[in-house]
Amino acid sequence: MRILLVGAGGVGSAITRIAARRSFFDHMIVADYDLARAEAAVAALGGAETRFSAVRLDASDRAAVTAYLTEERCDVLLNATDPRFVMPLFEAALAAGTHYLDMAMSLSSPHPARPYEECGTKLGDAQFEQAAAWEASGRLALVGVGVEPGLSDVFARYAAEELFDEIDEIGVRDGANLTVDGYDFAPSFSIWTTVEECLNPPVIWEKERGWYTTAPFSEPEVFDFPEGIGPVECVNVEHEEVLLIPRWVEARRVTFKYGLGNEFIETLKTLHKLGLDRTRKVTLPDGTEVSPRDVVAACLPDPATLGDRMHGKTCAGTWVKGVKDGRPREVYLYHVVDNQWSMAEYGSQAVVWQTAINPVVALELVAGGVWSGSGVLGAEAFDPRPYLDLLTAYGSPWGIRE
């Protein structure tokens, strides 16, 4: 397997460090708009690792990416960029006749008149609109396969197949007790993506109603996370699982809630009030055009560089409530990463490392023919047991709490 990895930021660099320990692929080309960043990701692996190379590519240039995939005879494009670049990369892979994998799906837009009641364009709609073309090509677009979405969706399918006869609700719940020394506000993941998912109307799915929206940060609840993290208040946030899980898993309700904390929420609300969450460029007095959200991102520390200052654990998981053998059952399937461990073992902070391991696991399953198919599919469409077994074999076990 020849892989084109587009994006050499925190997640992309963590992907290279994880993949370097596996033998399922022949070569991985690390591409980034900033060639120095791609080269640094490769150099960090050491001179003995010859299966990696670096190249400069503009993720927004569909034609250039298509040509490069063809010239280099790549089998798959692995997208580790932010969601702005999903569609040009997704379409480039289709045009080049390669497989495709991402960790975040095409962007949404709110309903023009009723944003907190009805869906407008949903996450992933633009990709699912091209499902027939992918099926006809015989190629697989494996979408939303990071940790959330991704592993959380695998948990949902596993619960449906092995733990429950009927499911009332599937609720993805994400929480952490991470702190960052020296910063009052330092998101552990891309602020561009964080703003997008936290300030857009969250989506909920119900069997009798379908998909609908609510207000940002709605329906707060305290969720008790495992392995010493403890109680964290979680709120509704827009996320791909709610758009993916109901397509393949039978449940009466699907939700996603994120443990943000009051300070984080108030900061995001302030950014929104000031218009600093906007992506459309504004013109400064000297004629310079800038995107307010890009300015905010530039002013904050790069999440990939925070590992040495971070302490604590992050938890991603799927809470499932339903019936098994005629009795009520409630479980939480989860994956916890300790930042001290991920830094010592891989040199990557916990949040980006937890995101990065999952597409590598998925690619190994695809390379071995364990996961196969064509069209636009989420992780829920496949057998979950080989994925969970391989994740454990990577040295990163998952857990379950009744």
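Any value given below was found using the heavy atoms of this structure, including those in side chains, with hydrogens, waters and symmetry copies removed. All values reported here derive from a predicted model rather than from experimental measurement. Numbers here are sequence positions counted from 1.
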Result for side-chain contact (heavy atoms from CB on, under 4.5 Å) between M310 and one of Q340, M343, Q349 points to Q349
Just by distance, do the side chain of [X] and the backbone of [Y] share a donor-acceptor pair under 3.5 Å?
X: K321; Y: G171; value: no
X: S152; Y: G317; value: no
X: N236; Y: F217; value: no
X: T213; Y: E117; value: yes
X: E49; Y: R51; value: yes
X: N177; Y: G312; value: no
X: W211; Y: V242; value: yes
X: D26; Y: M1; value: yes
X: T16; Y: S13; value: yes
X: T98; Y: V76; value: no

Return yes if a side-chain donor-acceptor contact under 3.5 Å exists between Q354 and H335, otherwise no.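 Side-chain D/A pair, Q354 to H335: present.
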Can you see whether T255 engages R173 through a side-chain donor-acceptor pair at a distance of less than 3.5 angstrom? yes
Fill in: Output field: ring centroids Y387/F155 closer than 6.0 Å
no
The complete set of salt bridge (Lys or Arg N to Asp or Glu O under 4.0 Å) pairs with one or both residues in residues 76-95, sequence neighbours excluded, reads R62-E91, D82-R84, R84-D294
Salt bridge (Lys or Arg N to Asp or Glu O under 4.0 Å) pairs touching residues 238-251, sequence neighbours excluded, are K207-E250
Problem - NZ or CZ of R56 within 45° of Y33 ring axis and under 6.0 Å - result: yes
Of all heavy-atom pairs between [X] and [Y], which one has the smallest distance, and what is that distance?
X: Q130; Y: L94; value: OE1-CD2, 3.7 Å
X: A104; Y: P83; value: CB-CG, 4.0 Å
X: V203; Y: C119; value: CG1-SG, 4.1 Å
X: V30; Y: A41; value: CG1-CB, 4.4 Å

Short N-O contact, D277 and R293, less than 4.0 angstrom | no
Q.
Between the side chains of E206 and R253, is the shortest nitrogen-to-carboxylate-oxygen separation below 4.0 Å, so that they form an ion pair?
A. yes
Classify the ring geometry between Y100 and W134 as parallel (under 30°), tilted (30 to 60°) or perpendicular (over 60°).
-> tilted
Exercise. For the residue pair W398 and Y158, does the interplanar ring angle fall in the parallel (under 30°), tilted (30 to 60°) or perpendicular (over 60°) class?
Worked result: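 Rings of W398 and Y158: perpendicular, over 60°.
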Checklist entry - Partners of Y394 by ring pair (Phe, Tyr, Trp, His ring centres under 6.0 Å), sequence neighbours excluded? => result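 Y394 satisfies ring pair (Phe, Tyr, Trp, His ring centres under 6.0 Å) with no residue once adjacent residues are dropped.
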OG (S218) and CD1 (I204) are apart, to the nearest 0.5 Å, by 5.5 Å
Evaluate D168 against R252 for salt bridge (Lys or Arg N to Asp or Glu O under 4.0 Å), listing each step before the verdict. CA-CA 5 Å; D168 294 319; R252 294 185 178 89; 2.4 Å; yes
